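Everything below concerns the one structure shown next.
In this text the structure is predicted, and so the values were computed from the model without any measurement.
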Amino acid sequence: MYLSRFLSLHALWVTVSSVMQHYPSVWGHYDVCKTQIYTEEGKIWDYMACQPEARDMIKYVKVTLDPPDITCGDPPETFCAMGNPYMCNNECDATTNELAHPPELMFDLEGRHPSTFWQSTTWKDYPNPLQVNITLSWNKTIELTDNIVITFESGRPDQMILEKSLDYGRTWQPYQYYATDCLDAFHMDPKSVKDLSQHTVLEIICTEEYSTGYMTNSKIIHFEIKDRFAFFAGPRLHNMASLYGQLDTTKKLRDFFTITDLRLRLLRPATGEIYVDEQHLARYFYAISDIRVYGRCKCNLHATGCKEENKKLFCECEHNTTGPDCGKCKKNYQGRPWSPGSYLPIPKGTANICIPSISSIGNPPKFDRIWPNISSLEVSKPNQVAPKLALSTVSSVQVANHKRANVCDKELLQCQNGGTCLKNMRCQCPPAYTGILCEKLKCERDPGGCSQNSGNVAVSHGPLLPLTGLLGVTGLLVF
């Protein structure tokens, strides 16, 4: 008996947990754009800031190499092991699958043995420099959420620059310099991310941390995203409210973690010595087995979905926005200038939805200024928050209450029993039905009640939040 009751409770908890994971957590994951709440007038939409889930962005990348003929194997050539210049029994041949090392092997699934990797030609033209540009393009604005990790099958380069672009490769800015000797290579003092602080987190540094060592466990190069997040969110990123507050109020910080393209500039291969051994130039080359880039589509906090169409990524925009990055208002929803969503106030943020144009709603709405409780944001510099939020913004509930704007949604078919959604503002009901969503029979108001054939259509309740059917408690839906 007790076991049966326990299993039933466990099943209920699993179901509730699976449902609740779609709603914003206390830390503000912003994984829901809108939900329905109940008021005296009935159901209305409650809007909130939202963003897509972070994912492995390498699945959508396009890679370009410069010079284009830098990949080994055409013509075939032999190369030597880094640690032993006399072990020159390795061959690269582009015409043989088992011996070819094309660029796509930088992005295939790892974990197999031997590892698959891209490889350049050897430094046979020394003393001319052996340099390669590897450009990763997404044709979409990306927000980085985790460390960039590059795994070299050869020794890590003696000199390398990681660069970023915010305009699809038209201009480039350095992200970080890597060298065995920063002062000699780039005239910069060596630093690591640990030497930075909240005030210097945007500083471009040169690090020697990832450019020495040639053993198996010394193949990886990092660009530390999470360590920079930790300056605001704490060592274990527990205080995400503080990070979100800073990202929301500091455009330079937000742009620092935003890219459209990345470029690896490999300037000098690993030599392992002070000088280059000209008798064994076949031991000098670049080889990369894996590149990892995690992030999310930038949708300006107006979407939770990002889809791929014709090899391009697009945000699945909500809040009456449109465009690849949800960067403008839809037609007939230009009642005020477009604005990105805001992480503030924590945890739901502010949706800043596009509202119907004046011509479509009659008189223009009046919006009050909303000032969130700064003390609840847990940001380190409250004085930086207020100026950003002094702009005319409006809470999602106020927008929904304005003439019941967006009370229905054609995409989600919220109007019931054959009702038609008019301009997302109200449902036009069939003659036999009434209510905000046409959910009530008119005859229910009559003293005699409804007959069996009233309306000739069974009442069909549209998609409600799953917890209603599970627990039968509508009060839980008021966030």
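Taking the six-membered ring for Trp and the full ring otherwise, the centers of F152 and F117 sit at least 6.0 Å from each other.
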Derivation and outcome, side chain to side chain contact (heavy atoms under 4.5 Å, CB included), residues E224 and Q176:
CA-CA 10 Å; E224 300 92 341; Q176 191 152 292; 3.8 Å; yes
Using the rule given for side chain to side chain contact (heavy atoms under 4.5 Å, CB included), can you reason through F231 versus L196, listing the C-alpha separation, both sets of side-chain angles and the distance that settles it, and then say yes or no?
CA-CA 9 Å; F231 289 124; L196 302 178; 3.9 Å; yes
Determine whether K62 and W138 satisfy the following criterion, side chain to side chain contact (heavy atoms under 4.5 Å, CB included), listing intermediate values before the conclusion.
CA-CA 6 Å; K62 176 185 177 182; W138 282 273; over 6 Å; no
With side chain to side chain donor-acceptor pair (under 3.5 Å) as the test, would you mind laying out the steps for S342 and D248 before giving the verdict?
CA-CA 6 Å; S342 169; D248 204 86; 3.0 Å; yes
Stepwise side chain to side chain contact (heavy atoms under 4.5 Å, CB included) test for R263 and W172
CA-CA 9 Å; R263 183 164 68 185; W172 295 91; 3.4 Å; yes
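Contact annotation: the side chain of L237 never approaches that of F232 to less than 4.5 Å [non-hydrogen atoms, C-beta and beyond]. Looking at E203 and K191, their side chains come closer than 4.5 Å, going by heavy atoms from C-beta outward. Between I288 and I150 there is a side-chain heavy-atom pair separated by less than 4.5 Å. No side-chain heavy atom of E104 sits under 4.5 Å from any side-chain heavy atom of D108. Considering only heavy atoms from C-beta on, L313 comes within 4.5 Å of C297 through its side chain. Looking at N139 and T260, their side chains never come closer than 4.5 Å, going by heavy atoms from C-beta outward. You'll find the side chain of M106 stays beyond 4.5 Å of the side chain of T151, heavy atoms only. By the 4.5 Å heavy-atom criterion applied to side chains, I44 and Q36 are not counted as neighbours.
Nearest heavy atom pair, residue L344 against residue G245, reads CD2-CA, 3.8 Å. Nearest approach of T71 to W118, heavy atoms of both residues: OG1-NE1, 3.0 Å. Shown here for M160 and I221, the closest heavy-atom pair between the two residues is SD-CD1, 4.0 Å. In this structure, D261 and G169 approach most closely via the heavy-atom pair OD1-N, 3.2 Å. Closest non-hydrogen pair, V293 versus I148, comes out as CG2-CG2, 4.3 Å. Listed here is the closest heavy atom pair of Q131 and L267: CG-O, 3.4 Å.
When atom types are taken as modelled, the side chain of H319 and the backbone of K34 share no donor-acceptor pair closer than 3.5 angstrom. The backbone N or O of V149 lies less than 3.5 Å from no partner atom in the side chain of N147, so there is not a single donor-acceptor pair. Between the T321 side chain and the E318 main chain, a donor and an acceptor come within less than 3.5 Å of each other. With hydrogens and angles ignored, the 3.5 Å screen pairs no side-chain donor or acceptor of T64 with any backbone N or O of T135. Side chain of N133 to main chain of D66: no donor-acceptor pair is present (N/O by atom type, distance under 3.5 Å, no hydrogens or angles). A donor-acceptor pair is defined here as one N or O able to donate and one able to accept, closer than 3.5 Å; such a pair exists between the side chain of R156 and the backbone of Y210. Side-chain N or O atoms of S165 include one that pairs as donor or acceptor with a backbone N or O of D167 at under 3.5 Å. Side-chain atoms of T258 come within 3.5 Å of backbone N or O of R254 as a donor-acceptor pair. Side chain of S197 to backbone of H199: a donor-acceptor contact under 3.5 angstrom is found. Put simply, the side chain of Y178 gets close to the backbone of H222: a donor and an acceptor are under 3.5 Å apart.
With rounding to the nearest 0.5 angstrom, the CD1 atom of I346 is 9.0 Å from the OG atom of S242. Distance check: D56 CG to F107 CZ gives 10.5 Å after rounding to the nearest 0.5 Å. Note that CG of D46 and OG1 of T35 are 7.0 Å apart. Values are rounded to the nearest 0.5 Å. Taking CD of E316 as the reference point, atom NE2 of H302 lies at 15.5 Å (rounded to 0.5 Å). One finds the CD1 atom of I259 at 13.0 Å from the CD atom of E163 (value rounded to the nearest 0.5 Å). To the nearest 0.5 Å, the span separating CG on L253 from CG on L202 amounts to 6.0 Å.
A parallel orientation is assigned to the rings of Y343 and Y244, their planes being inclined by less than 30° (bins at 30° and 60°). Taking the six-membered ring where tryptophan is involved, the planes of F186 and Y177 are tilted, since the angle between them lies from 30° to 60°.
A distance below 2.5 Å between sulfur gamma atoms is met by C182 and C206.
Contact check on K140 versus D325 returns a salt bridge, with a Lys/Arg side-chain nitrogen under 4.0 Å from an Asp/Glu carboxylate oxygen. Between R292 and D290 there is a salt bridge, with a side-chain nitrogen of the basic residue lying less than 4.0 Å from a carboxylate oxygen of the acidic one. For D146 and K226, the salt-bridge test passes: some basic side-chain N is under 4.0 Å from an acidic carboxylate O. Under 4.0 Å is where a charged nitrogen must lie from a carboxylate oxygen, and between R55 and E53 no such pair does.
In summary, of the residues considered (C306, C50, C326, C315), a disulfide bond (SG atoms under 2.5 Å apart) with C299 occurs for C315 alone. If you run side chain to side chain contact (heavy atoms under 4.5 Å, CB included) between Q51 and each of D31, L301, N300, only L301 comes through.
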